[in-house]
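So that the names make sense, note that chain A is the first sequence line, chain B the second, and so on, each numbered from 1.
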Amino acid sequence: MTELNGNEGSGVRDVTFEGVWCVFEHRSGQLVHALQDVSFTVPAGQFVAVVGRSGHGKTTMLRVLAGLQPPTAGQVTLGESVVTGPSVERSMVFQQDTVFPWMDVRDNVEFSLKSQGSTKDIRRETSDQRLEDVGLTDFADSWPRELSGGMRKRVALAAVMASGSKVWLMDEPFGSLDYFTRRSLHDLLINLWNESNMTIFFVTHDIEEALILADRVMLVRDGKLVEDIEVSLPRPRDEDVRATPEAVALSKTILDHLGIREDEIVPELRGDSN
Amino acid sequence: MKALRRIWKFGKDHPTAVITWAILLTGWEIAAHLAPEPTFARAPIVPAWEYVFTDAFKALSGNWTIPRWAPNPVSGGEETYLGAVLALGYNTLNSMYRLSLGLFVGIIAGVGSGLLLSYYPWIRQMAWAPLNLLRMFPLLAAIPIFQFWLGANLRGTTTFIAFGVWVLLVVATINAVRNVPDRFIESARTLGASRLRTYRSIVVPAAIPELRTGLLLSAGLSWSLVVGAEYIGISNGLGNLLSVAEFTTNTGRMIIIAVVIGVSALVTFFVLNSIFNRFVSWMPRTAETKGLGSAAGAAALGGPMGE
Amino acid sequence: MTNRTDSQTLIGHPEGNSGPSPGAVRRRKWIIRLLLSVVGVAIALLAWQRLADHVGFAFASPLDIWQDLRENMWKSKYLEQKGLSDGGGYRVHLLATVWRVLIGVVFGAAAGGSLGLLSLPIKVIREVINPLAAFFGAAPIFVAAPFFLIWFGITPWAQVLMVGFYTALLMYIFARRAGENLDAGYVESAMTLGGTPASIFRHIYLPGTVPEIAGGFRIALAGAWGLAAISELLGAQEGAGFLIKFYATAFVVDGMMSLVTLLGLVAIFVDRIVVFGLSYLIRWSESGRSLDL
């Protein structure tokens, strides 16, 4: 695993946004300011939830960090190096189903290693281990279409884990799943994070999800970072923890910042990509 | 002026395409001058462009046999550009006439019988297999048979085209009906619509938009069939011009005719597509219209088509 | 069939994709569909037979065709008399056509398909071939046939090249479209997992476009038979199309019809083999498992 990240040992690999702008031209000709002067630093190993309404720039932020979307201005750095394109250091779990349907579960998990030219033995060993981590050992030879939505997300997690990535970008990964499946995936994700201690950016519009998972919640509105909140609730964040006055106050603060009380109509100009 | 500007813009946006075409056309010209002298007059193996657009083009006026507007070279008249244009126009109209008639009858018959056969699911299932097998038969190979049965004349050619279009569209219609989502039918039935009413007001309108590809394919197919039929047995039309040109190995003329056929086929696609667009204007716009080029490509094969 | 629930499900989807249905129910539906298809084909054959009996000699019945094939398929006295066969019957001519079609289709598809896929990342290919494809795609296929005949004479190359050229054209168009339709999410996902251009092409584009390309391949193959036959009609020394032309000048209806039927049956047979192979290649895909029938 570690051989994938050449500069693993080169010290702390913080993620830094410095004055990042991202401006698109919408089909109507209107300019969409998906990101406006966003700056922050996330130390390695932190679990960050990015919360906001849809169409307000959360996904753009993640895509810029992934290197899928070049910023219009400003720069993103991971440790010493500037992000210029997608890389195995920053793997992404997408909202839509991007488990490759033409590969069986094991091949999906091994894709990253195969691309890096790992030997068959290493691939096999890694995929065995990762499939065990996500509880899919018995499904190694299944086609994705034979799995449920939740299981496919587990495959996606195993694939990202096998890539050895130290920064995980998760774009509303569990949005399409039912409540119970989502909760069990939360537990799985927290376990994986505890083990490997990667940095996680988790985009969601679900405040409860953010409070269950994250150390830190960034609120994005109109492409701006409006608030950056430390979540110091004790873990595991079960129902009791989330019922404490602190937790309730936190979610109220978040709601206030997102403008839920203002009853405004937000134009649905999605500028995430074209 | 506007067209010129558009061409200029295309050239600026796609330099490689322009260069490719320039190289191809020049390469052809060079090949024409390198090729050995033709054994017969006016029969170069690779015709040079200056020959194609002058002598070869003018020679087409030999196909203008009506003794008006332009001299008739067959009876000793001069070869003229006007005569060539008239000959091309006359034969194009002839082909177009056969084609439109056959296409029209074939579309009505194909869609109509497809809808009838689809009313009862078990009939549909029974009709589907033999019709699918029929669709796999190489129609182009059957041109001589059809000409033997129906004669190499307007009625015969039209029937042949109509038959080809019918086979293609009846299968396409059955498939389209089969692909109407259950939920439409179920919601109509829960609203108390009768079976006939559901079919007429739900299934048919939902299936029709699916026929776009089938219709465009049938336009391509009918061009193949009409040119094929004219090539093999009919004494006018673009296919016949082509066959005469080939008989005298007049490659220059063949190029002109081939281009005219291609352009006519494209015109047919656009006309049919815009008629269809008007017909289904209530539909939300889909990307289907974009598929025109590929439908044309598929249609060019003139064989039986997949879905 | 007057039963309400039955007719409702059958109006829409005979396959029925409504959730997990027990294997037994599916098998029963499959058997019913198969039976109906067999009955349908039988009725069509009967109708053909009756029609032919009614029309007379100008229209061959299935039995006439069967008779004709038995007399001429493997060894044909008639063709030997006319000097068109040195003892092989239709078989020899049919095989000639089959070879031309298969060689043309295989090489054409390989060339067109790979160029189409490569045109996605490589701009030059796109810019060079797109206008060519648009131009040649518009015209009916065999306006090019006379050129091939003049350039290659009556050698089999004229037919092979015709078939190959248009298979390549069609496959180029289909492969390109398949690549464009491939969900960008797969490619982006592969990129963030460290996919290199080579591995993305090999593991994402190649397998991901197979279902759509497969459809195009079947269309090309189906069209190739008619194309080969008509270019043999226009000028060849052997092949099914050549025989059809000969029979047409001699007014032998049975012969013409049995050759067209034979060609159709071969087309169906080859298509079935291709479907069988393809359904393995796209066994991962939900729709791929039920190509049709």
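- Atom CD of Q96(A) has more than 12 heavy atoms from other residues, nucleotides or ligands within 6.0 Å.
- Looking at V99(A), only its backbone comes within 4.5 Å of chain C, counting heavy atoms on both sides.
- Interface residue W102(A): backbone and side-chain heavy atoms are both found under 4.5 Å from chain C.
- Between the CD atom in Q116(A) and the CG atom in L193(C) there is a gap of 9.5 Å [rounded to 0.5 Å].
- With respect to chain A, the highest number of heavy-atom pairs below 4.5 Å among A198(C), S199(C), S189(C) belongs to S189(C).
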Q.
Would H203(C) and M103(A) count as a side chain to side chain contact (heavy atoms under 4.5 Å, CB included) here? Give the steps.
A. CA-CA 9 Å; H203(C) 295 292; M103(A) 300 180 193; 3.7 Å; yes
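- In terms of modelled atom types and a separation under 3.5 Å, the side chain of S112(A) and the main chain of G194(C) share no donor-acceptor contact.
- Heavy-atom distances place both the backbone and the side chain of I204(C) under 4.5 Å from chain A.
- Listed for the S91(A) side chain is a donor-acceptor partner under 3.5 Å among the backbone atoms of T192(C).
- Proximity to chain A (any heavy atom under 4.5 Å) is shown, for L206(C), by neither the backbone nor the side chain.
- In the displayed structure, W99(C) atom CH2 is contacted under 6.0 Å by at most 12 heavy atoms of other residues, nucleotides or ligands.
- Looking at A190(C), the atoms closer than 4.5 Å to chain A (heavy atoms on both sides) sit in the backbone and in the side chain alike.
- D104(A) does not touch chain C: none of its heavy atoms, backbone or side chain, sits under 4.5 Å away.
- M191(C) and P86(A) get closest at one heavy-atom pair: CE-CG, 3.3 Å.
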